[in-house]
2 protein chains.
Amino acid sequence: MSELRTILADNLRRLRTAKGLSQEDLAGLADVDRTYVSLIERKKNSISLDKLEQIAIALNVQAYTLIKPEYD
Amino acid sequence: MSELRTILADNLRRLRTAKGLSQEDLAGLADVDRTYVSLIERKKNSISLDKLEQIAIALNVQAYTLIKPEYD
DNA sequence: TTGTGACTAATAGTCCGTT
DNA sequence: CAACGGACTATTAGTCACA
């Protein structure tokens, strides 16, 4: 399994819940489908760079922080 | 145009040439087609996370550094 | 050595639901 | 609120010939 998917899934869920957002809330902010946030958090697919950017903007973070390991 | 595509394109070309690698050399290391490296450096597509990881491994860098702005 | 067009195969991503 | 499925469309992955 891809290491990056796991890192992204963890970071995404952590940041999302820290802001008190549901998957649907975030989906609305990032203009992606409701089920898509779920797919990413469950590591079911490999997000494209463009979608990563959309989600980063919605969360007010730099895109690279979403795929950066926490210990780093 | 996506900001991330530009950042990735710049970082990739910089790292690749710094190691004295041709697009074809890198393609071989990352197990992708030569024209695919060309597409990324020309910002023609929105690479997936899995591919980003493959290329990062081939370059011996952390994946997030490929989409991190230089000034950061 | 790299850019590009044309193309097919595979997967990302959406939209409708149910549990 | 989140996991999950099926069916679908859009985009990316991957290959080739040629400039």
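Just so we're on the same page: letters track the sequence lines, and every chain starts at 1.
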Exercise. For A63(B) and L4(A), which heavy atoms make the closest approach, and how far apart are they?
Worked result: CB-CD1, 3.5 Å
Exercise. Would one find more than 12 heavy atoms of other residues, nucleotides or ligands at under 6.0 Å from atom CD of E24(A)?
Worked result: no
Seminar exercise, completed: Closest non-hydrogen contact found for G20(A) with D25(A) is O-OD2, 4.3 Å
Problem set entry | Residue-level proximity of residues 9-24 of chain A to DNA chain D when a heavy atom falls under 4.0 Å | R13(A), R16(A), S22(A), Q23(A)
Seminar exercise, completed: By side chain to side chain contact (heavy atoms under 4.5 Å, CB included), D33(B) pairs with (sequence neighbours left out) T35(B), Y36(B)
For this session: Return the set of residues passing side chain to side chain contact (heavy atoms under 4.5 Å, CB included) with S48(B) (not counting sequence neighbours), or none when no residue passes.
Result: S46(A), D50(B), K51(B)
Problem set entry | side-chain N/O S38(A) vs dA3(D) OP1/OP2, d < 4.0 Å | yes
Seminar exercise, completed: Hits for side chain to side chain contact (heavy atoms under 4.5 Å, CB included) against Q23(A), two or more places apart or cross-chain, chain-then-number order -> R13(A), R16(A), V37(A), S38(A), E41(A)
Seminar exercise, completed: The side chain to side chain contact (heavy atoms under 4.5 Å, CB included) partners of L59(A) (sequence neighbours excluded) come to L12(A), L15(A), K19(A), L21(A), L26(A), I55(A), V61(A), L66(A)
Seminar exercise, completed: Protein-proximity profile, nucleotides 5-18 of chain D, B/S/- by nucleotide at the 4.0 Å heavy-atom cutoff, equals B------SSSBBB-
Exercise. Does the side chain of N45(B) reach to within under 4.5 Å of the side chain of L49(A), using non-hydrogen atoms?
Worked result: no
